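The block underneath contains the structure these notes are about, expressed in structure tokens.
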Amino acid sequence: MSRTRYVRTSQEIEQLQVAFRAPAFLDIRSLAIVFESEAEAIAELLPPPLETAAEPRVSVSVSQIRRSNCVGPFDGASVNIACRYRGGDGVYCLAMPMSTDTAVTFGRELYAEPKKLAQIALEERPNGNVLGTVTRHGITFIELVGRFEDPMRDVDSERTTKHYYFKFLPSADGTGLAHDPELVCVTHRGHTRSLARGTGTITFRESSHDPIIDVPVISVLGATYSIGDTHTSAEVVATVPAADFLPYAFGKMDDLRIWAAAGALSPA
């Protein structure tokens, strides 16, 4: 008797859910730059019930993930805004480009991460600099340059951070959301094995689909280049009224108005 692989057995389901319950991302090489932004802009970007942190800080990273237990190797980037929830510190992810469709699908459907497919590059240069770029629709809208006078040193550092995402779906009739969004808290447990600290520069470029340039860069606070691993797990910590979240929902996708306008001008 034939059996389609679109329908899984209970044993196969359990094997698959191991990765969903405890994703592991290994041998990560990451360039991260932290900067101070404008308090008013940060407050505008954070959906309730998230609150502003003590300081309006943003971290931008470009990474190579060389192994994982769920989606294979891939390259990724993220823009994380410092925030608070119920008195605890965390980050709200504004954008998370990925280099493979597998990585995009896994993170968007499981955690509601704001992932989009992109061309991502991380390059170590002979002068000690590290270059990270993110390109979509022909625009390199994120460019990071880290400058490190000293080479990486061995470390043994553990860090736990809370990352917040809003899990939602558009309503099938195209108006509003299908249900009240879930606020998902993803706990990142990171282990750093090698680290270099230095300075850096950030360049954001105009993109209608990825308007990261709208986040003001007041001053760069520092850069790191690291090697390590990250393990994640998640839980739903709240639900949010759909009407309250709707103004924030469209930042997760490209600007459909541009495609609509282009389609209207195309011959039938």
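All figures in this text were calculated on a predicted structure; none of them were measured in a lab. Residue numbers run from 1 in the order of the sequence given.
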Mark yes when over 12 heavy atoms from residues, nucleotides or ligands other than [X] sit less than 6.0 Å from its [atom1]; otherwise mark no.
X	atom1	result
Q11	CD	no
R136	CZ	yes
R159	CZ	no

Please round to the nearest 0.5 Å and tell me the distance separating atom [atom1] of [X] and atom [atom2] of [Y].
X	Y	atom1	atom2	value
R5	E12	CZ	CD	10.0 Å
L46	T52	CG	OG1	7.0 Å
I28	T192	CD1	OG1	9.0 Å
I65	D27	CD1	CG	10.5 Å
S68	L26	OG	CG	7.5 Å
L144	F204	CG	CZ	7.0 Å

For residues [X] and [Y], determine if any side-chain heavy atom of one lies less than 4.5 Å from a side-chain heavy atom of the other.
X	Y	result
R108	K252	yes
F250	L246	yes
R3	T9	yes
N129	E123	no
S171	L177	no
L122	Y225	yes

Worksheet item: For the side chain of K116 and the backbone of M253, is there at least one donor-acceptor N/O pair under 3.5 Å apart?
Response: yes
Discussion item. Donor-acceptor check, side chain of K162 to backbone of C185, threshold 3.5 angstrom: yes or no?
Written reply: no
Discussion item. Among residues at least two apart in sequence or on other chains, which ones pass side-chain hydrogen bond (donor to acceptor under 3.5 Å, both in side chains) with D101?
Written reply: none
Worksheet item: Should E149 and R147 count as an ion pair when the cut-off is N to O under 4.0 Å?
Response: no
Worksheet item: Taking NZ, NE, NH1 and NH2 as the nitrogens, is one of them in R205 or D210 under 4.0 Å from a carboxylate oxygen of the other?
Response: no
Worksheet item: Can you say whether the rings of Y92 and F166 are parallel (under 30°), tilted (30 to 60°) or perpendicular (over 60°)?
Response: perpendicular
Item to complete: Could you check whether the rings of F25 and F74 sit parallel, tilted or perpendicular, using 30° and 60° as the cut-offs?
Response: perpendicular
Discussion item. Between S78 and S61, do the side chains contain a donor N or O and an acceptor N or O under 3.5 Å apart?
Written reply: yes
Worksheet item: Any side-chain donor paired with an acceptor under 3.5 Å for S208 and R257?
Response: no
Worksheet item: Minimum heavy-atom separation for S37 to P216, with atom names?
Response: OG-O, 2.6 Å
Worksheet item: Which heavy atom of A223 sits nearest a heavy atom of I33, and at what distance?
Response: CB-CG1, 3.8 Å
